[in-house]
Amino acid sequence: AIDGKQIEYGNLLFNAIPHRWYGKKVNCLGDSLTASGAVWQSELKKLLGLNTIRNYGSSGTCITSLRDETAPDTNYRYRATSMDSDVDLIIVMTSINDNGSQLGEWNWTNKTGTFSTDTDKAVNNVATIAGATNELISILRTNFTGVDIVFFGHPHMNWGQWSFNACALEKEICGYNAIPYFDACRESNIYGPSGTASTYYTDGTHLTKAGNIKLAQYMAGCLRSL
């Protein structure tokens, strides 16, 4: 037992090593990968010895305003405020549904995410990855004071340079805000061809059980490093 709690022998290696998330409560915010992520979430809970892990994923939703923002459940930024406040860690899994939206740029002078033009740098523009990511972080920080936040880049295969550029931009903005960012798109070793079934993917975007388990193992390793 650890701290008076029994652990399974198969998880001895994970639970026997102290880490900051043991016994903690976690909210997960994301798109369909999170909404359908009971496997990776239950596996992550087991690997880290979490007390609670809550699912706030919704299929087809975005961080940007690429899709309809008039319905509260269509966007991360609206849904974020309704999450349970009794939480120690918020995991944000970025959205594949933002694919094709404008990247924008992070403006270091004005501390905003904007279109990459000289005439549009005064305010955040949530039509862009830069502006929407910055705004989401602001919303989370305002509504969950003192709660740890971690971003994970959405794992998927072969969606082109846009995905890699988006991950790099999200990482830059998270870094400015002192928020850890882990690029599961390129670093999780969850391989599979785009649009086809594979060991880890049902369709190049959504994960099989094996893919979910591998994602949870990657995420557990990342979180243990903090």
Side-chain angles (χ1 to χ4, degrees), residues 2 5-8 10-15 17 19-63 73 75-77 79-98 136 140 143-144 147-157 167 170 174 179-185 187-190 192 198-226:
I2 298 178
K5 298 179 180 180
Q6 295 295 320
I7 60 173
E8 299 176 19
N11 294 315
L12 180 62
L13 177 61
F14 294 100
N15 290 319
I17 303 173
H19 60 85
R20 64 184 298 193
W21 311 116
Y22 187 82
K24 300 299 185 180
K25 298 175 182 178
V26 178
N27 290 347
C28 300
L29 182 63
D31 60 9
S32 58
L33 188 71
T34 301
S36 62
V39 173
W40 72 254
Q41 288 164 42
S42 61
E43 186 71 10
L44 185 63
K45 181 180 179 182
K46 181 174 65 176
L47 292 174
L48 294 179
L50 301 173
N51 176 291
T52 302
I53 188 163
R54 306 185 188 97
N55 190 327
Y56 292 96
S58 183
S59 297
T61 59
C62 298
I63 297 176
D73 199 42
N75 193 280
Y76 285 34
R77 290 175 283 109
R79 196 162 65 256
T81 59
S82 65
M83 294 193 298
D84 196 305
S85 60
D86 181 18
V87 63
D88 303 294
L89 170 67
I90 295 172
I91 293 175
V92 178
M93 185 71 71
T94 62
S95 178
I96 188 61
N97 301 302
D98 282 310
L136 175 59
L140 291 173
N143 287 274
F144 300 92
V147 174
D148 284 292
I149 302 167
V150 175
F151 273 62
F152 283 89
H154 193 306
H156 53 82
M157 294 311 301
C167 287
E170 291 160 354
C174 283
I179 290 176
Y181 183 95
F182 297 100
D183 186 357
C185 181
E187 298 172 356
S188 62
N189 292 324
I190 303 177
S198 67
T199 299
Y200 298 129
Y201 290 94
T202 61
D203 56 5
T205 302
H206 301 93
L207 299 174
T208 62
K209 181 177 180 179
N212 273 282
I213 290 173
K214 192 171 181 66
L215 175 61
Q217 292 170 342
Y218 167 77
M219 294 174 73
C222 293
L223 291 170
R224 281 177 167 275
S225 71
L226 299 176

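Treat the numbers as computed from the prediction; the structure is a model and nothing was measured.
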Begin with the C-alpha distance, continue with both residues' side-chain angles, and end with the deciding distance and a verdict on side-chain contact (heavy atoms from CB on, under 4.5 Å) for Ile53 and Lys45.
-> CA-CA 7 Å; Ile53 188 163; Lys45 181 180 179 182; 4.0 Å; yes
Which heavy atom of Met93 sits nearest a heavy atom of Gly153, and at what distance?
-> SD-O, 4.0 Å
Closest non-hydrogen contact found for Ser58 with Thr61 is O-OG1, 2.7 Å
Thinking salt bridges, do Arg20 and Asp148 make one under a 4.0 Å N-O criterion?
-> yes
To the nearest 0.5 angstrom, please state how far the CG atom of Leu50 sits from the CG atom of Asp88.
-> 9.5 Å
Does the side chain of Thr208 reach to within under 4.5 Å of the side chain of Thr199, using non-hydrogen atoms?
-> no
Any side-chain heavy atom of Leu44 within less than 4.5 Å of one from Ile91?
-> yes
Output yes when a side-chain donor or acceptor of Tyr200 lies under 3.5 Å from a complementary backbone atom of Leu215, and no otherwise.
-> no
How about Trp21 and Leu226: do any of their side-chain heavy atoms sit closer than 4.5 Å?
-> yes
For Lys209, enumerate each residue passing the salt bridge (charged side-chain N to carboxylate O under 4.0 Å, His left out) test, keeping only those at least two apart in sequence or located in another chain.
-> none
Under 4.5 Å between any side-chain heavy atoms of Val92 and Leu140, yes or no?
-> yes
Walk me through it: do Asp183 and Tyr181 pass the test side-chain contact (heavy atoms from CB on, under 4.5 Å)?
-> CA-CA 7 Å; Asp183 186 357; Tyr181 183 95; 4.1 Å; yes
Quick check: does any side chain N or O of Arg79 sit under 3.5 Å from a backbone N or O of Gly30, one acting as donor and the other as acceptor?
-> yes
Compare all side-chain heavy atoms of Arg54 with those of Asp86 and state whether any distance is below 4.5 angstrom.
-> yes
Can you find a heavy atom in the side chain of Tyr22 that is under 4.5 Å from one in the side chain of Leu48?
-> no
Where Pro155 and Ile190 come nearest, the two heavy atoms and their spacing | CB-CD1, 4.5 Å
Considering only heavy atoms from C-beta outward, does the side chain of Asp98 approach that of Tyr76 to under 4.5 Å?
-> no
Ile149 and Ile179: which non-hydrogen atoms are nearest, and at how many Å?
-> O-CG2, 3.3 Å
CG of Asn27 to OG of Ser82: how many Å apart, nearest 0.5 Å?
-> 9.5 Å
Minimum heavy-atom separation for Glu170 to Thr94, with atom names?
-> OE1-CG2, 3.5 Å
Would you say the side-chain atoms of Thr34 pair up with the backbone N or O of Gly37, donor to acceptor, closer than 3.5 Å?
-> no
If you measure from OG on Ser188 to CG on Leu207, what distance do you get to the nearest 0.5 Å?
-> 8.5 Å
Between Ile213 and Val39, is any pair of side-chain heavy atoms under 4.5 Å apart?
-> yes
